[in-house]
*Asks:* 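Below is one structure. I have some questions about it.
Counting starts at 1 for both ligands and their atoms, following the listed order. Keep in mind that the numbers below use all heavy atoms, side chains included, and drop hydrogens, waters and symmetry copies. Note that the structure is predicted; figures quoted are calculated from it, not measured.
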Amino acid sequence: MRKFYLTTPLYYPNARPHVGNSYTTVVCDAIARYKRLCGYDVAYLTGTDEHGEKLERAAGQAGVAPQAFVASKREVFYELWKALNISYTHFIFTDLPDHVRSVQRMLIRARDAGYIEKRRYQGRYCVSCELYVSESTEPADCPICGRPAEIMEEENYFFRLRKFQEKLLTHYAEHPKFVQPDFRFNEVKNFVQSGLRDISVSRKRIKWGIPWPGDTEQVFYVWYDALTGYLTGIGFAEGDNGNPEFQKYWPADLHMVGKDIIRFHAVYWPAFLMAASLPLPETIFAHGWLTVGADKMSKSKGNVVYCEPIVEVLGADALRYHLLRDIPFGQDSSFSYEGLIQRFNSDLANDLGNLANRTVTMVNRYFAGEVPVAEKPTPAELEIAELAGKTLQDFRVRFDFYDFSRALDGAWQFIGRVNKYLVETEPWALAEAGLEANKTRLANILYTAAEAVRFSAVMLYPVIPESAERLWRQLGQKAKLEDQRLDDLRWGGLKTGTRVSKPEIIFPRLEKEATLKKLWELEDAERAPATTRKESAKHVEPQLQSGGQPQAEPQRISIEDFAKVDMRVGEVKAAELVPGAQKLLKLSVDIGSEVRQVVAGIAEYYQAEQLIGMKVVLVVNLQRRKLRGIESNGMIVAATVGEEGRPVLVTFKEDVPNGARLK
Ligand code: MSP
């Protein structure tokens, strides 16, 4: 049996996954299910990347030991992947004892081959992307996220990346599909051609990492550690020889990543593997970003959309279908609830849902629930039979090229053709004109329609697994859908006499405004303080040492860090409720130099009129964000009080001028 090993990136568990980073996991799930239908033995690995400075700081801020912090956050991923029907076979988290062995094994091999040496690092580091940005202390911004990088000076172990420049370029030349899409491959080649610097692969000033073999003062650089997770997950800790799982699955067939982390995967990772004499993955595919408007969807931009409300209101398949259907794979694409609802109504409710529903209804009504015999097909029926085969063929070619949008477009043209055929043949009118007299015609029509639904259910299973399963069961199919093989999928496979079940509406048409309102309400609840959300149940208590003191003191920041937050006194000049939102007020706040528009989630606790003239504190240098389509340019400071997280606005007893700075 041919194997297929694919991976998602290992996610940082410091923040909850949102639609943006769930995208990779959804896409990989569709590929994994598709490959299984093609007869592959699939290993699908995902997981969490739990070490490094970013996580150490986040745990410190939460007042929790890093290990307990990551363990609690990891749970959110398991839950979400379950809700989205992700059929991963391996989940690796980097705080696993096996992973420690596997990373150390990699390193020892690279060190024995002469690719590691100790040197001093002096330069700029981006903690958010865990990237060494430059080798000079001159101010520099991170090339990935654009944030100012921090100064770092340490004695570290270096990986001699420079030695791999030629080897990488040769590999790229010999493997034209190593990085996809092609325009990303060109970026990678240009980066390598312009010259590589050796990179530090250990850290001294942090403790939260995998211990460096033979040096208790150092831990591994988090990217060296995390990338090796792709090996650990399939048993590399046990070694690469004589380990059946590792031998079966490595090298990976596909590492799916977002475009921002292509350098780590297409340059560093192959070099680390070469240094350890391990074969390289087949393909690294870098997809684009989900944006909100023009901005990347990300927690730091404050514009994230979470999957949970969507799953609750529309179901996981609606989200999966929209992501695969509407985003040209590889490109950036803007996400909106409106787009999601529109796609749901047009494709799932109208086209596929209607086809299935009326077909099953008519088989029940006119043939006592049994799939009828089809005889002497008309030219239209022959054409549909042929189109089915052609559609499947194209679908497979496009899926193999990761062109999901066009694959689905083709499938929907087929569904559209069958719907048109029903409109043309009007089986309901034939039945009314005389059920017995028209029985043969009706049998042909309903067999064609039912077979089209069965055919579509198998083909669409990778994308909408739960709904495809329901369609399959409605058609009375007893075999497991996941065990079907696309190689065996042929027109005419539906057996005459099969008993269909009662019709069941799988995709009820959505009323746009009511659905938006429900989504917004749930979204507001998701954004509410952690103590009021369901996440509160998972809130980790600070771990107590025997003396009763929290183990990890919240990390302290320097006065310079504090000075980065620009807080000003402002006076509320106008306030009104945001239409359709129960919790949001739109405020105009005079901060001396200008009047700012701010959206604040305080409407449940403050009346608009009560705020006019009130002096408040505004964070004025926060990134702008949009709430319900309204721009918020700043944030009002409030204390969070009580179990339900009631906001109490900060104000002053003395008169203070607008614009005065808080220090
Ligand atoms: N921990 C590293 C990966 C290590 S892999 C050995 C990391 N984690 S991450 O959580 O920051 O990002 C994980 C993935 O989510 C990346 O591929 C990133 O591109 C993707 N996305 C994050 N936001 C995204 C969008 N808004 N849109 C699409 N993908 C996005 O990097």
Side-chain angles (χ1 to χ4, degrees), residues 6-28 45-55 58 70 73-74 76-77 80-81 90-95 99 102-103 106 126-131 142 144-145 147 184 209-210 220-233 236 252 254-270 272-273 281 284-307 319 322-324 326-336:
L6 81 165
T7 65
T8 71
L10 307 186
Y11 299 97
Y12 292 127
N14 58 317
R16 285 176 61 200
H18 49 79
V19 174
N21 44 24
S22 304
Y23 175 51
T24 325
T25 312
V26 165
V27 167
C28 285
L45 175 137
T46 186
T48 45
D49 177 1
E50 302 186 340
H51 290 130
E53 189 154 4
K54 184 182 173 106
L55 263 309
V70 295
K73 298 285 177 188
R74 189 188 303 143
V76 182
F77 287 81
L80 181 61
W81 300 156
H90 297 69
F91 189 104
I92 168 87
F93 51 94
T94 55
D95 187 32
H99 184 61
S102 147
V103 172
M106 273 284 276
C126 172
V127 176
S128 180
C129 298
E130 302 278 15
L131 178 76
C142 171
I144 296 180
C145 68
R147 292 185 180 90
R184 294 265 172 246
I210 293 185
F220 277 84
Y221 169 44
V222 64
W223 272 99
Y224 192 91
D225 158 348
L227 288 160
T228 307
Y230 298 144
L231 304 178
T232 312
F236 182 65
L254 175 65
H255 291 314
M256 187 63 79
V257 299
K259 65 180 183 180
D260 47 331
I261 56 173
I262 184 76
R263 186 190 304 176
F264 299 104
H265 283 82
V267 182
Y268 295 3
W269 179 227
F272 295 162
L273 286 167
I284 295 143
F285 197 111
H287 63 69
W289 282 339
L290 253 66
T291 60
V292 177
D295 283 335
K296 180 188 180 196
M297 185 188 294
S298 78
K299 198 171 169 241
S300 60
K301 294 229 187 284
N303 61 1
V304 290
V305 178
Y306 292 114
C307 302
L319 178 62
H322 176 52
L323 292 177
L324 285 149
D326 282 315
I327 299 171
F329 199 58
Q331 312 284 327
D332 288 356
S333 186
S334 176
F335 181 88
S336 72

*Asks:* Below 30° counts as parallel, above 60° as perpendicular, anything between as tilted: where do the rings of Tyr12 and Trp223 land?
*Replies:* perpendicular
*Asks:* I need the atoms of ligand 1 closer than 4.0 Å to a non-hydrogen atom of Ala226, numbered in the order shown.
*Replies:* 6 (C)
*Asks:* What's the shortest heavy-atom distance between Pro17 and Leu80, and which atoms?
*Replies:* CG-CD2, 3.6 Å
*Asks:* Out of curiosity, is Met256 lining ligand 1, as in a heavy atom under 4.0 Å away?
*Replies:* no
*Asks:* Could you give the distance from CG (Asp49) to CG (Leu227), rounded to the nearest 0.5 Å?
*Replies:* 8.5 Å
*Asks:* In a check of ring pair (Phe, Tyr, Trp, His ring centres under 6.0 Å) between Phe272 and each of Tyr221, Phe220, Tyr224, which one passes?
*Replies:* Tyr224
*Asks:* Should the ring pair Trp81 and Phe77 be called parallel, tilted or perpendicular, given that the plane angle runs from 0 to 90° and is split at 30 and 60?
*Replies:* perpendicular
*Asks:* Could you tell me the residue and atom name of the protein heavy atom closest to atom 7 (C) of ligand 1, and the distance to it rounded to 0.1 Å?
*Replies:* Tyr12 CE1, 3.4 Å
*Asks:* Any idea which heavy atoms bring Lys54 and Asn14 closest together, and the distance?
*Replies:* CE-ND2, 3.7 Å
*Asks:* Can you list the ligand 1 atoms lying under 4.0 Å from a non-hydrogen atom of Gly258?
*Replies:* 17 (O), 19 (O)
*Asks:* Any idea which part of Leu290 is under 4.0 Å from ligand 1, heavy-atom wise: side chain, backbone, both or neither?
*Replies:* both
*Asks:* Considering non-hydrogen atoms only, spot the tightest contact between Leu10 and Gly229 and give its length.
*Replies:* CD1-CA, 4.1 Å
*Asks:* Quick one: does His18 get a heavy atom under 4.0 Å from ligand 1?
*Replies:* yes
*Asks:* Any atoms of ligand 1 less than 4.0 Å from a non-hydrogen atom of Gly288? List them with their elements.
*Replies:* 28 (C)
*Asks:* Please confirm whether Cys129 approaches ligand 1 to less than 4.0 Å, judged on its heavy atoms.
*Replies:* no
*Asks:* N/O to N/O below 3.5 Å, does that happen between Asp260 and ligand 1?
*Replies:* yes
*Asks:* Got a second to check how far Lys259's NZ is from Arg184's CZ, nearest 0.5 Å?
*Replies:* 5.5 Å
*Asks:* In Å and rounded to the nearest 0.5 Å, what is the CG to CD1 distance from Leu131 to Ile144?
*Replies:* 5.0 Å
*Asks:* What is the closest protein heavy atom to atom 21 (N) of ligand 1, and at what distance does it sit?
*Replies:* Asn21 CB, 3.8 Å
*Asks:* Judged by non-hydrogen atoms, does Trp269 sit under 4.0 Å from ligand 1?
*Replies:* no
*Asks:* Taking the minimum heavy-atom distance to atom 24 (C) of ligand 1, which of Ser22, Gly20, Gly47 ranks first?
*Replies:* Gly20
*Asks:* Can you tell me how the ring of His255 sits relative to the ring of Tyr230, calling it parallel under 30°, perpendicular over 60° and tilted otherwise?
*Replies:* parallel
*Asks:* Val257 versus ligand 1: do any nitrogen or oxygen atoms come within less than 3.5 Å of each other?
*Replies:* no
*Asks:* Between Ser333 and Gln331, is a side chain to side chain donor-acceptor pair (under 3.5 Å) present by the stated rule, with each step listed?
*Replies:* CA-CA 6 Å; Ser333 186; Gln331 312 284 327; over 6 Å; no
*Asks:* Could you measure the distance from the NZ atom of Lys73 to the OG1 atom of Thr48? Nearest 0.5 Å is fine.
*Replies:* 12.5 Å
*Asks:* Give the atoms of ligand 1, by number and element, whose distance to some non-hydrogen atom of Asp49 is under 4.0 Å.
*Replies:* 1 (N), 2 (C), 4 (C)
*Asks:* May I ask you to list the atoms of ligand 1 that are less than 4.0 angstrom from any heavy atom of Leu227?
*Replies:* 6 (C)
*Asks:* Where is the tightest heavy-atom contact between Pro9 and Met256, given as atom of each residue plus distance?
*Replies:* CD-O, 3.1 Å
*Asks:* How close does the nearest protein non-hydrogen atom get to atom 16 (C) of ligand 1, and which residue and atom is it?
*Replies:* Ile261 CD1, 3.7 Å
*Asks:* So which protein heavy atom does atom 23 (N) of ligand 1 come closest to, and at what separation?
*Replies:* Lys296 CE, 3.4 Å
*Asks:* With the threshold set at under 4.0 angstrom, would you say Tyr230 reaches ligand 1 through any of its heavy atoms?
*Replies:* yes
*Asks:* Below 4.0 angstrom from a heavy atom of Met297, which ligand 1 atoms are there? Numbered from 1 as shown, please.
*Replies:* 23 (N), 25 (C), 26 (N)
*Asks:* Distance check, rounded to the nearest 0.5 Å: Leu323 atom CG versus Ser22 atom OG?
*Replies:* 8.5 Å
*Asks:* How far is atom 14 (C) of ligand 1 from its nearest protein heavy atom, and which residue and atom name does that atom have?
*Replies:* Tyr11 CE2, 3.7 Å
*Asks:* Which of the atoms in ligand 1, numbered in the order shown and given with their element, are less than 4.0 Å from a heavy-atom of Trp223?
*Replies:* 2 (C), 3 (C), 4 (C), 5 (S)
*Asks:* Which atoms of ligand 1 sit under 4.0 Å from any heavy atom of His287?
*Replies:* 28 (C), 29 (N)
*Asks:* Which residue owns the protein heavy atom closest to atom 3 (C) of ligand 1, what's the atom, and how far is it?
*Replies:* Leu10 O, 3.2 Å
